[in-house]
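See below for the structure under consideration.
Within every chain, numbering begins at 1; the chains are lettered A, B, ... in the order of the sequence lines, protein sequences first and strands thereafter. Keep in mind that what you see is a predicted model, and the values were worked out from it rather than measured. Note that these values count all heavy atoms, side chains included, but never hydrogens, waters or copies made by symmetry.
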Amino acid sequence: MKKLFVFITMIALIALAACAPAPTPAPTAAPPTAAPAATVAPTQAPAATQPPATAVPAATLPPVATAAPKPAGPTNTPAPTATTVPPGVTAAPGALRVQFWHYLTGASQVVAVQRAVDKFNAANPQYYIVPVVGGNISQLNQKMMAAIQANAVPDMVMGNPGELGQYDDAGVMVDMTSYINGADGLNAAQLAEINQSLYLDKFGNKILGLSFGRSAQLMYYNVDMLAAAGFTKAPETWDDFDKVCAAVTKGDVACYAFVPSASTFASWVWSWGGTYSSADEKKATFDDAAGVATLKWLKNLADKKYGYAPSASFGDQTDFGNGKVAFTYGSSAGLPFYYTAVKGSAKPFKWDVAPMPRGPNGKNNVDLFGPSVGIVKSNAEKQRAAWLFLKYMLTKDQELDWAATTSYFPAPKSSIDAILALNETQAGALNKDFPNILPQYKTAVGFTSTLGMREPNSAAWQGARGIIANMLTAVFTGKSGADFKETDPEKAAKEGVERVNKALSEYGK
Amino acid sequence: MATQNPWRINRDRARSWLVSGGIHAILIAGAVFMLFPFLWMILGSLKTYNEATTAGFFPREWHFENYPEAIVVMNFSKQCAYDAGNPLDIFDKCLLLRYFANTIFIGMVAVLGVLTTGVLAAYAFARLNFPGRDLVFIILLATLMIPGELTLIPNFVLMVQFPTPESVIATAFKLDPDAQIKNWIDTYWALTIPWIATVFSIFLFRQFFKTIPNELFDAAVMDGATHLRFLWSVVLPLSKPALITSALLTFLGSWNALIWPLLVTNSPQMRPIQVGLAQFITEAGTQVQLLMAGATMTIIPIMIMYLILQKWFVEGIASVGIRG
């Protein structure tokens, strides 16, 4: 018996050793400076202008008349999972390997990244992009910080703008300005297509990141519940919002599921006419009249029992799906989850999304956030390859494929227009589950392009997010604690700003 | 001959039943309490998304299809085609199998390593006399207070700096003209070697070894045994419970590891099963019912192992006075 066990163990060890992938080259130390791409003589035509290799199907928009596969009915799972991964493109001999670390852990997201990479690699055999899932956003941040310490960084990294700023503070990020403006860069028409304030991560005079898909903080609402209470559209002002709340709150049905979030708070402050932060992003400014009005409004929701705090993570989605709450605020990336929650409830209903209502001095808005990708310092040719990949990700076909799989909002206006023009069949051809959320997605894309705003970029603000969430919880629950003392809106705004400004001033010291 | 009072006998019997019943009731309550998370997980794996994220305990309908769907997700929708001509190829094609194989392999190496290093170190602390023995042991124990997160980055830096033995040999003996020195990142070295010695196991073994009577050692020495012979022939056979406890805990820790493998590996082929489970979680929501199905599948090997070894596990825990 013992001999058999040892034998099996040995066989397992040998099998695994045989299965081990070819070891990747040791990451090389980042050179101190990055040569601008524009000065590098291109050895081949820019990749992004080439069509993908014929072997790999491009995500071209199918004509309406094409008999595309009928969109599948609702499934048990929110995220699309049945997509077949195209055969991975093998690296051409001598191809330059470029590592891309990202935090998209969902199976369909991993597949979407691989599909995009495969297309790029097929069209650009001189390069070989290697995508690496680095865990979720905080795990990737941990991996990246460790890699910086060990001088073993990748060539491209995904992160929220603040994180890219954090990496830049460690001296490893490339200023993408020269690539964007260089010979392989974006021409004037391409640049004009992108809302630069929302999709480029500018830090002073540097551009550290580019996003080919952002999420937005949306107001999800139960159309049928509002209609039953006599409201035919989503509230556009906070007064209207309160009127809806007064009408729909009864029994075990609440008006709003409160989830403390700095992004939601920023959006609220803007909607009340506030500024959230100073123009140079070095100070928080939400203790002004608009910020206090925001917190007073939140307290009012709690006092009148219009709002409640869900106990479980993403519990707001489920409660919304089960018809227990009229409004939630959440990321647009959650659209498939909302769809599943509603479809799976005992009484499915009509639902939609809207921008944040406004106060007397504010405006309707949508906070855009989500993944950007930055280029990490390596060598001129690797950096150029990374840039060409990012540029490829901005092409229309790729943007449509990406949007249909991830629910992110594309950067170029032509891609947004193409999304808005999609019918159900075309959407189903991109991703069989995309038609499920197409109406809400289109609504969101439509108003986001005009109402989009964004939170401060700087890395120091990462640490402020927890403080703001604590402040919101203290005001909403009326309970003070070690993390946050004041519960009165005016005093809480003051304490919040003091704490945030202290964190901002201490960042990096 | 004294006759027993039947009333008294009945009263004693009733009291005995009552005490026994009370103890059993408490034990059953404890067992239910301990089993509840497992039941929750298994029932959650058979629910719809809505049911799995709300408070209901039992599913309205039993969705066994969650299991094949979870397998599909963990395998990135790839088909696991078996090729008779190249059977090992299935570990590359079928990532789920690969995850399992990696996890088992990493766990086994860690267990073997921990047993080897732990036994030798513990024996020295328990039975050998050398200057500063207790001080060294206290310092060793003190390292248990250091949070694992603190050592992540220094350990990662070491992994980047260490060369793999095979690349050193290949380079030194020019076995491969293209050979170059490789570091430990994305290799089994990084996944296993840092975990082949744990202070907890040394502590566990030392406590166990100290309970072995000195007379046994004296008798062994009289028979001409050395320390190593005594350790191998007497101490280890008597320490099965402690060894099995340590092996189980090490294997369990290895099975559940996520952060370290994510840090030191890049290719999917090198990653363990917990990474597969992470695929159900995105920044915008979690496929709870599939996550539960995946988790249920991944704990099966551990459960089987525990059921087989539980007798020694309980004995091991009880004998060294460690309570969970």
Based on non-hydrogen pairs under 4.5 Å, which of A:Leu335, A:Ile137, A:Asn322 is most in contact with chain B? A:Asn322

Looking at A:Ala147, A:Pro131, A:Gly334, A:Ser332, which makes the most heavy-atom pairs under 4.5 Å with chain B? A:Ala147

B:Ser167 versus chain A, the contacting section by heavy-atom distance below 4.5 Å: neither

Tell me, for B:Leu158 versus chain A, whether the close heavy atoms (under 4.5 Å) come from the side chain, the backbone, both or neither. neither

Is there a side-chain contact between A:Val133 and B:Arg271, using heavy atoms and a 4.5 Å cut-off? yes

With a 6.0 Å cut-off (strictly less than), is the heavy-atom count around CH2 of B:Trp189, excluding the residue itself, greater than 12? no

More than 12 foreign heavy atoms under 6.0 Å from CH2 of B:Trp62: is that the case here? yes

Checking the side chain of B:Asn266 only, and the main-chain atoms of A:Val132 only, is there a donor and an acceptor separated by less than 3.5 Å? no

Are the side chain of A:Thr105 and the backbone N or O of B:Ile281 linked by a donor-acceptor pair below 3.5 Å? yes

Specify the closest pair of heavy atoms between [X] and [Y], including all atoms of both residues, with the distance to one decimal.
| X | Y | value |
| --- | --- | --- |
| B:Leu152 | A:Gln142 | CD1-NE2, 3.4 Å |
| B:Asn50 | A:Gly321 | ND2-C, 4.4 Å |
| A:Gly134 | B:Leu262 | C-CD2, 4.1 Å |
| B:Gly285 | A:Phe314 | N-CZ, 3.4 Å |

Between A:Gln149 and chain B, which part of the residue has a heavy atom less than 4.5 Å away: side chain, backbone, both or neither? both

Looking only at B:Val288, B:Asn155, B:Leu263, B:Leu258, most heavy-atom pairs under 4.5 Å shared with chain A are made by B:Leu263

Interatomic spacing from [atom1] in [X] to [atom2] in [Y] - rounded to 0.5 Å:
| X | Y | atom1 | atom2 | answer |
| --- | --- | --- | --- | --- |
| A:Gln317 | B:Tyr49 | CD | OH | 4.5 Å |
| B:Glu51 | A:Ser345 | CD | OG | 11.5 Å |
| A:Thr340 | B:Gln289 | OG1 | CD | 8.5 Å |

Report the C-alpha separation of B:Thr282 and A:Phe337 in whole Å, then their side-chain angles, then the decisive distance to 0.1 Å, and conclude whether the side chain to side chain contact (heavy atoms under 4.5 Å, CB included) test is met. CA-CA 10 Å; B:Thr282 72; A:Phe337 290 89; 3.7 Å; yes

